[in-house]
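Below is one structure, written out as structure tokens; the observations come after it.
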Protein chains: 2
Amino acid sequence: MKDLLLKFKIELPEGIYLKDPESSTLGKKIIEHSIILIEDIGFEHFNFKKLGKEIGSNESSIYRYFESKHKVLLYLTSWYWSWLEYQLVLETYSMTNIEEKLKKAIEIVTKTTEQDDKYTHINEVLLNQIVIEENSKSYLTKDVDTENEEGLFLPFKRVVHRLSDIIITYNSAYDYPLSLSSTIIVGSLKQHFIKKHFKSISNYDGDKNQTDFFTDLALKTLIKNG
Amino acid sequence: MKDLLLKFKIELPEGIYLKDPESSTLGKKIIEHSIILIEDIGFEHFNFKKLGKEIGSNESSIYRYFESKHKVLLYLTSWYWSWLEYQLVLETYSMTNIEEKLKKAIEIVTKTTEQDDKYTHINEVLLNQIVIEENSKSYLTKDVDTENEEGLFLPFKRVVHRLSDIIITYNSAYDYPLSLSSTIIVGSLKQHFIKKHFKSISNYDGDKNQTDFFTDLALKTLIKNG
DNA sequence: CAAATATAATAGTAATACTATCATTTTTGC
DNA sequence: GCAAAAATGATAGTATTACTATTATATTTG
């Protein structure tokens, strides 16, 4: 476990960037301020000219790191899913009570993100907002199948598999572990969005929240009835 | 019921169009070919110039019906949700067995759409594909709150409320009827997408499908345990 | 059949999402 | 300490997009 902790690095798919933004100060600034700017003005209004202005750098320099703004979005969402996978592994690894483990896993993938000070140039709270509001746009394109073959969605799919594995451990007879896993993970993002923008179709007031909703849903769905 | 059947007209929110496309031949052609074209090339690559070419009409004429391509997407998705609401009401209205009613409702909102010959200029099968691939883009914008206040998302929210009402009838003690309803409705779209593009994280093969998944999920979640 | 309305044609605009080229600055290896 | 290499910056240019504005022509209606 100590080994895992020390070694774990956010590994992103090849081909997402032209030059690794982790390899230079400018690269890190691009990531840091992409997060701030996209969260602020939205992905549609975001572009490299505006980003360049924010970081006092040139548009053309940013193009040396990413071939398009779409790839920046892919980088950010992939980073988020890798980071979430790490949380998931870290916090459930040593748990032996499988019900507690399942509950913990659901809590991690459904709760509102808190700041992680390990990565100084990345604001995880803002990044979580971006994932809630923009994640779908990273795969709702005509290029999805090509990019999927290139492995660009692996970090997301790995998280789905991790939760699915925990679901299987809890109830190996259940027919839809992957579907339930993806429904919880993606559904949670949608519920965050609904809570914020379409309040009238949500039931989260007072002490009720989406973690409770999904925990209740999963435990009842996975009940062993033979 | 006969009354409902006769009177039901797909009513869309004011302000979605400048001129009602149902009011002219050109308007209907705009809708018909928007569906065909968006399904074919995707919303990003769709524009009024290309659409004009398809229907042998001028770009400027289309702008008299819709102020932007975003509003066309809102029109199409709103039409879909209104149509789905109609199916939901029509097919569950007279059912007295509440479990059967719940099952029927879930089936309607999760199954793959079949052609409805009542509306000749609208291909519901293609429209369903558009909703699966593009629906999120209609609300994942910085204008979502303004447009929500203008009532542009009411058709979608009405469907969520209809299913939620059926859920409440089935189990009035359940804490999250709206959350469960929206999770099933939006989750179903995502599951269709996953089945098509991210097969490795789905459990739909052989006779297993998303209607079964969501039906099982809902019935277990809504079990009355006092 | 004239007036009103709908549609078409054309031109124009600011912004976008880049590419290409060349100049300058910074880093590095000896 | 310096030359070569690498990184960054500056500038210009391009095709496309998502429209607006204006004027002309066709169609409908009273």
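Per chain, numbering begins at 1; letters A, B, ... match sequence-line order.
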Q | Value in whole Å for how far the C1' atom of C:dA8 lies from NZ of B:Lys53 | A | 16 Å
Q: In whole angstrom, give the distance that lies between atom CG of B:Asn58 and atom C1' of C:dA6.
A: 12 Å
Q. Do you know which two heavy atoms are closest between B:Thr211 and B:Thr215, and how far apart they sit?
A. O-OG1, 2.6 Å
Q. So, B:Glu44 and B:Lys137, do they make that salt bridge, N to O below 4.0 Å?
A. yes
Q) If only atom types and distance count, is the side chain of B:Ser138 paired as donor or acceptor with the main-chain N or O of B:Asn135 below 3.5 Å? A) yes
Q. For A:Thr110, does its backbone N or O pair with a side-chain atom of A:His192 as donor and acceptor, under 3.5 Å?
A. yes
Q. Should the ring pair A:Phe198 and A:Phe193 be called parallel, tilted or perpendicular, given that the plane angle runs from 0 to 90° and is split at 30 and 60?
A. perpendicular
Q.
Under a 4.0 Å threshold between the charged nitrogen and the carboxylate oxygen, would A:Glu133 count as salt-bridged to B:Lys142?
A. no
(Q) Check this for me: does any side-chain nitrogen of one of B:Glu59 and B:Lys49 sit under 4.0 Å from a carboxylate oxygen of the other? (A) no
(Q) Under 4.0 Å from a heavy atom of chain A: give me the 5'-most and 3'-most nucleotides of DNA chain D that qualify. (A) D:dA7 to D:dT11
Q: Could you check whether A:Phe66 gets within reach of a base, just the sugar-phosphate, or nothing at all, counting any heavy atom under 4.0 Å?
A: nothing
For nucleotides 15-22 of chain C, which of its nitrogen or oxygen atoms have a protein nitrogen or oxygen under 3.5 Å away, and what is each distance?
unit_1 : atom_1 : unit_2  : atom_2 : d
C:dA17 : OP1    : A:Lys69 : NZ     : 3.2
C:dC18 : O5'    : A:Tyr63 : OH     : 3.1
C:dC18 : O4'    : A:Tyr63 : OH     : 3.4
C:dC18 : N4     : A:Glu59 : OE2    : 3.3

Q: Could you state the atom-to-atom distance from NZ of B:Lys29 to C1' of C:dA6 in whole Å?
A: 14 Å
Q: Give a yes or no answer on whether the side chain of A:Lys157 reaches the backbone of B:Ser200 with a donor-acceptor pair at less than 3.5 Å.
A: no
